[in-house]
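Before any comments, here is the structure.
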Amino acid sequence: MVTNKNLYRARNTKNDEFYTTLECIEKELSHYKKHFFNKVVLCNCDDPYESNFCKYFADNFLEIGLKKLICTSYFSSKVSEKNNKKGTVLILEKDSFNCDGERKPIKSCTKTLEGDGDFRSDECLSFLDECDIVVTNPPFSLFKEFFGEIMKRHKNFLIIGNQNALTYKEIFPYIQKNLVWTGYQFGEMKFRVPDDSEPRATRFWIDENGQKWRSLGNAMWLTNLDIPKRHKALDLTKTYKPELYPKYDLFDAINVRTINDIPYDYDGIMGVPITIINRLNGKQFEIIGEANHGSDNEFDLFKPTINGAQVFKRILIKAKRKWKIISIEY
């Protein structure tokens, strides 16, 4: 039986609640509109009255050509708290709009769930089974579980997470096999945070309306929806010189300081910054593993040290062929 303990803790941890701006959603979703035609979309961590994911899809339902929109929220949301710890669900279909394209009021399209709206509950998993694509910003502390439920059911998705998740043992294999990749926004993103969030020395501010904000430098969109971005090859212009690319102490691979320094004429394994995942073309490179502590998981092959000094965590790649300045047409 699924319990609420972990989810309740996640939703009420100040460092775990980040509310996505409509601007951020519009910027990313503009690249995917063709994927949503005649599809059932599930936003399963989204209060119908507060979430900008719900607002985006509700406002653009007819333009995108959705078949159905389902938004579920956990009971700790402001609206759901009034329902005696019951979650809320919004369901929009084509008959939710009149012949002039006007939508029924959101309130008339929502109802109280039997349970609390936990995305792992049988009730909410039934919505997951029904949908074609999941789009949301799940609690970062539950990202592994959230991702696992999606992949278990072979669903398409477009979700926001922390870049650290890329090397989780539950997620890295999908990246390695070129089954999952990053979206267009990778890095700096700003989020609304709860009113009771404590001030921070950096990446925190309060706007003129009293709304608290935080920015994250390592946020990302993660997806398995095909996009032109992932088919673009890196333009490689550097040549391999042993004195510029030292080898690791414990593994036969060279250290590459930046992505722009990747040599086009090296056939062996290279350790590159983790941000390579955001620019990876599966036809250009294969991912061999990662180098962090050498013990995190089966994909963490060694601790990256050079002449005894530890260097930053690396993704290990190998070229599938020699490349110079080249591009792949989508």
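This is a predicted model, so every value here is computed, not measured.
When all heavy atoms of Ile269 and Asp252 are compared, the closest pair comes out as CB-O, 4.1 Å. Annotation for Cys45 and Pro138: closest pair SG-CA, 4.1 Å, computed over non-hydrogen atoms. Taking both residues in full, the closest heavy atoms of Phe57 and Cys43 are given as CD1-SG, 3.9 Å, listed atom of the first, atom of the second, then distance. Residue Pro263 comes nearest to Met270 through the heavy atom pair CD-SD, 3.8 Å, listed as atom of the first residue, atom of the second, then distance.
The ring-ring contact (aromatic ring centres under 6.0 Å, His included) check on Phe127 picks up nothing, with sequence neighbours excluded. Judged as a ring-ring contact (aromatic ring centres under 6.0 Å, His included), and not counting sequence neighbours, Tyr168 has no contacts. Asp95 is linked by a salt bridge (charged side-chain N to carboxylate O under 4.0 Å, His left out) to nothing, counting only residues two or more places apart in sequence or in another chain. Under the salt bridge (charged side-chain N to carboxylate O under 4.0 Å, His left out) criterion, Glu28 pairs with no residue, sequence neighbours left out. Under the side chain to side chain contact (heavy atoms under 4.5 Å, CB included) criterion, Ser108 pairs with Lys104, Pro105, sequence neighbours left out. Evaluation of the salt bridge (charged side-chain N to carboxylate O under 4.0 Å, His left out) rule for Glu93 yields no partner, not counting sequence neighbours. For the ring-ring contact (aromatic ring centres under 6.0 Å, His included) test, residues two or more places apart in sequence or in another chain that qualify with Tyr174 are Phe147. Legend: residues meeting salt bridge (charged side-chain N to carboxylate O under 4.0 Å, His left out) with Arg257, ordered by chain and number and at least two apart, are Asp261. Evaluation of the side chain to side chain contact (heavy atoms under 4.5 Å, CB included) rule for Asn292 yields Glu290, Asp296, Asp300, Lys313 as partners, not counting sequence neighbours. The ring-ring contact (aromatic ring centres under 6.0 Å, His included) search around Phe53 returns none, not counting sequence neighbours.
If you take NE2 on His293 and CD on Gln310, they are separated by 6.5 Å, rounding to the nearest 0.5 Å. For the atom pair His231 NE2 and Asp226 CG, the distance stands at 3.5 Å (nearest 0.5 Å). A distance of 10.5 Å separates CH2 of Trp221 from NE2 of His31, quoted to the nearest 0.5 Å. Here the CG atom belonging to Leu90 is positioned 9.5 Å from the CG atom belonging to Asp47, to the nearest 0.5 angstrom.
Between Ile133 and Lys155, the closest side-chain pair of non-hydrogen atoms is not below 4.5 Å. Two residues are said to be in side-chain contact when any heavy atoms from C-beta on lie closer than 4.5 Å; Ile254 and Tyr248 fail this criterion. Looking at heavy atoms from C-beta onward, Ile159 lies out of side-chain contact with Asn137 at the 4.5 angstrom threshold. In this structure the side chain of Tyr19 never reaches within 4.5 angstrom of the side chain of Glu50, judged on heavy atoms.
Partner of Leu316 under the side chain to side chain contact (heavy atoms under 4.5 Å, CB included) criterion, out of Ile287, Ile276, Ile288, Val272: Ile288 alone.
In the model, Tyr49 has no side-chain atom that pairs as donor or acceptor with a side-chain atom of Thr88 under 3.5 Å.
A donor-acceptor pair under 3.5 Å is absent between the side-chain atoms of Lys27 and the main chain of Gln185, judged by distance alone. Of the possible polar contacts, none joining the Asp116 side chain to the Lys86 backbone as a donor-acceptor pair under 3.5 Å is found. A donor-acceptor pair under 3.5 Å links the side-chain atoms of Lys320 to the main chain of Gly282, judged by distance alone.
Heavy-atom contacts from other residues, nucleotides or ligands closer than 6.0 Å to CZ of Phe204 number more than 12.
Val311 and Ile259 end up in different hydrophobic clusters when Ile, Leu, Val, Met, Phe, Trp and Tyr side chains are linked at under 4.5 Å.
Here salt bridge (charged side-chain N to carboxylate O under 4.0 Å, His left out) pairs that include residues 178-194, with residues two or more places apart or in two chains, are Glu188-Arg203.
Outside the 6.0 Å centre-distance limit, the rings of Tyr245 and Tyr266 are not counted as a close aromatic pair.
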Donor-acceptor pairs are to be reported for all side-chain atoms of residues 59-71 against protein atoms at under 3.5 Å, with residues two or more places apart or in another chain.
from	atom 1	to	atom 2	distance (Å)
Asp59	OD1	Arg103	NH1	3.2
Asp59	OD2	Lys55	NZ	2.9
Asn60	ND2	Tyr56	O	2.7
Glu63	OE2	Lys33	NZ	3.3
Lys68	NZ	Glu130	OE2	2.6

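Using bins of under 30°, 30° to 60° and over 60° for the plane-to-plane angle, the ring pair Phe191/Phe140 lands in the perpendicular bin.
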